[in-house]
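As a basis for the values below, the full set of heavy atoms in this structure was taken, side chains included, without hydrogen atoms, waters or symmetry mates. Whatever order the structure lists ligands and atoms in, that order sets their numbers, starting from 1.
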Amino acid sequence: FTDADVYQQSFDPREYLKEFYSLSDSQGQPNTLLMQNLRSLFKMFSLDGLRGDTLLDVGCGPTIYQLLSACEHFQEIIALDYADQNRRELEKWLKNEAGAFDWRPVVKYVCELEGDREKWAEKEEKLRKKVRRVLKCDVTKANPADPVSLPPADCILSTFCLETACKDLATFRSTLRNIGALVKPGGHLVMVTVLQETYYTFNKQVFSCLRLERKEVEEALEGAGFDVKFSEVQPYLPGDVRTDCEAVLSLVARR
Ligand code: SAH
């Protein structure tokens, strides 16, 4: 099991972004997994009630794609992750620093989904303004943002984090309770997670993953006091040597 300190010591955000977040690969093949996830996020954040003041992105990593539709519905975003280098990489983009990852193709794709591809620069600016803080967190802690105590949020978002952060199902369940406590009663949790994955690789490194079934995720959410409002499984095309993932689960739940 690769725990949070392995992420801190050896997760390379630049290599991760290059491997998984280019809209097409070096052979010009489209990144269908990414596009599918962007469509799911767009759909979920279009649902009734998914709006409010504050959204927390838990286990944000070095990425912003997960916030592109979300930022249209929330006023303030706080991004949280365990690994310092991932938060730094994210801040590089937020501050528009030289050498930051080029998210433009992804931003344009989401703008196209939302009806106007030409609005990409406006969306980038909006997102940069809305992300107010980037904080360290450990989702396995009772107060994930410790020593900071955050006021309860309207929405929690988490993409591809909990399955990497939890060594077993019991930890997954308690982690959902930890991050669930960060959302107001009546607030939402939006989650994207892989199913039946035990590892993923990039940059010649292997990261372990808790092998989850759809039912286990839904039951853990209910156990943490949530009602599942939307749940969709999309099969993951076999033949990807980088992972043994079989499907991606997108979920919206209400506390
Ligand atoms: N959300 C991003 C990153 C997923 S990679 C995306 O959608 O691509 C998994 C992330 O979880 C990494 O950034 C890693 O640093 C973070 N992580 C791993 N264990 C964690 C823990 N215990 N608490 C918080 N974040 C953790």
Self-check item: Protein heavy atom at shortest distance from atom 6 (C) of ligand 1
Solution: Tyr21 OH, 3.4 Å
Self-check item: N or O contact, Asn86 vs ligand 1, cut-off under 3.5 Å
Solution: yes
Exercise. Test the Lys130-Phe74 pair against the cation-pi criterion, namely NZ or CZ under 6.0 angstrom from the six-membered ring centroid and within 45° of the ring axis.
Key: no
Quiz prompt | Sole candidate of Leu67, Leu157, Leu68 that passes side-chain contact (heavy atoms from CB on, under 4.5 Å) when paired with Leu41 | solution = Leu157
Self-check item: Shortest protein contact, atom 26 (C) of ligand 1 (heavy atom only)
Solution: Tyr82 CB, 3.7 Å
Quiz item: So, is Val139 polar-close to ligand 1, with some N/O to N/O distance under 3.5 Å?
Solution: yes
Practice problem: Between Phe20 and ligand 1, find which residue part has any heavy-atom pair under 4.0 Å and reply side chain, backbone, both or neither. | Solution: neither
Self-check item: Subset of ligand 1 atoms that lie under 4.0 Å from at least one heavy atom of Cys137
Solution: 23 (N), 24 (C)
Quiz item: Are the aromatic rings of Phe101 and Tyr21 close, with centres under 6.0 Å apart?
Solution: no
Quiz item: Does the ring center of Phe207 lie less than 6.0 Å from the ring center of Phe202?
Solution: yes
Quiz item: Which atoms of ligand 1 sit under 4.0 Å from any heavy atom of Tyr65?
Solution: 6 (C), 7 (O), 8 (O)
Quiz item: Could Glu112 and Lys108 be called an ion pair, given the rule that one side-chain N must be under 4.0 Å from one carboxylate O?
Solution: no
Quiz item: With distance as the sole test, does Asn178 use its side chain to make a donor-acceptor pair with the main-chain N or O of Pro144 at under 3.5 Å?
Solution: no
Quiz item: Looking at ligand 1, does any of its N/O atoms fall within less than 3.5 Å of an N/O of Cys60?
Solution: yes
Quiz item: Taking 4.0 angstrom as the limit, do Glu114 and Lys123 come out as a salt bridge?
Solution: yes
Quiz prompt | Least distance between heavy atoms, Cys155 atom then Phe45 atom | solution = SG-CE2, 4.2 Å
Practice problem: Find all atoms of ligand 1 within a distance of less than 4.0 Å from any non-hydrogen atom belonging to Ala83, and give their numbers and elements. | Solution: 15 (O)
Quiz prompt | N/O separation below 3.5 Å, Tyr200 to ligand 1 | solution = no
Quiz item: Any N or O of Gln66 that comes nearer than 3.5 Å to an N or O of ligand 1?
Solution: no
Quiz item: Is any N or O atom of Gly59, backbone or side chain, closer than 3.5 Å to an N or O atom of ligand 1?
Solution: yes
Quiz item: Please state which protein non-hydrogen atom is closest to atom 22 (N) of ligand 1 and give its distance, to 0.1 Å?
Solution: Asp138 OD1, 2.9 Å
Exercise. State whether the shortest distance between N or O atoms of Tyr7 and N or O atoms of ligand 1 falls below 3.5 angstrom.
Key: no
Quiz item: Among protein heavy atoms, which sits nearest to atom 11 (O) of ligand 1, and what does the distance come to when rounded to 0.1 Å?
Solution: Cys161 SG, 3.6 Å
Quiz prompt | Shortest protein contact, atom 10 (C) of ligand 1 (heavy atom only) | solution = Asp81 OD2, 3.8 Å
Quiz item: Got the closest protein heavy atom to atom 9 (C) of ligand 1, with its distance?
Solution: Phe160 O, 3.4 Å
Quiz prompt | Identity and separation of the nearest protein heavy atom to atom 20 (C) of ligand 1 | solution = Ala165 CB, 3.7 Å
Quiz item: How about Lys119: does its NZ atom have over 12 heavy atoms from other parts shown lying under 6.0 Å from it?
Solution: no
Practice problem: Using a strict cut-off of less than 4.0 Å between a Lys/Arg side-chain nitrogen and an Asp/Glu carboxylate oxygen, indicate whether Asp84 and Lys136 qualify as a salt bridge. | Solution: yes
Quiz prompt | Residue part near ligand 1, for Thr159, under 4.0 Å between non-hydrogen atoms | solution = both
Exercise. Answer yes when Glu89 and Arg14 have at least one side-chain N-carboxylate O distance shorter than 4.0 Å, and no when they do not.
Key: yes
Quiz item: Does a salt bridge link Glu97 with Lys92, judged by any charged N lying under 4.0 Å from a carboxylate O?
Solution: no
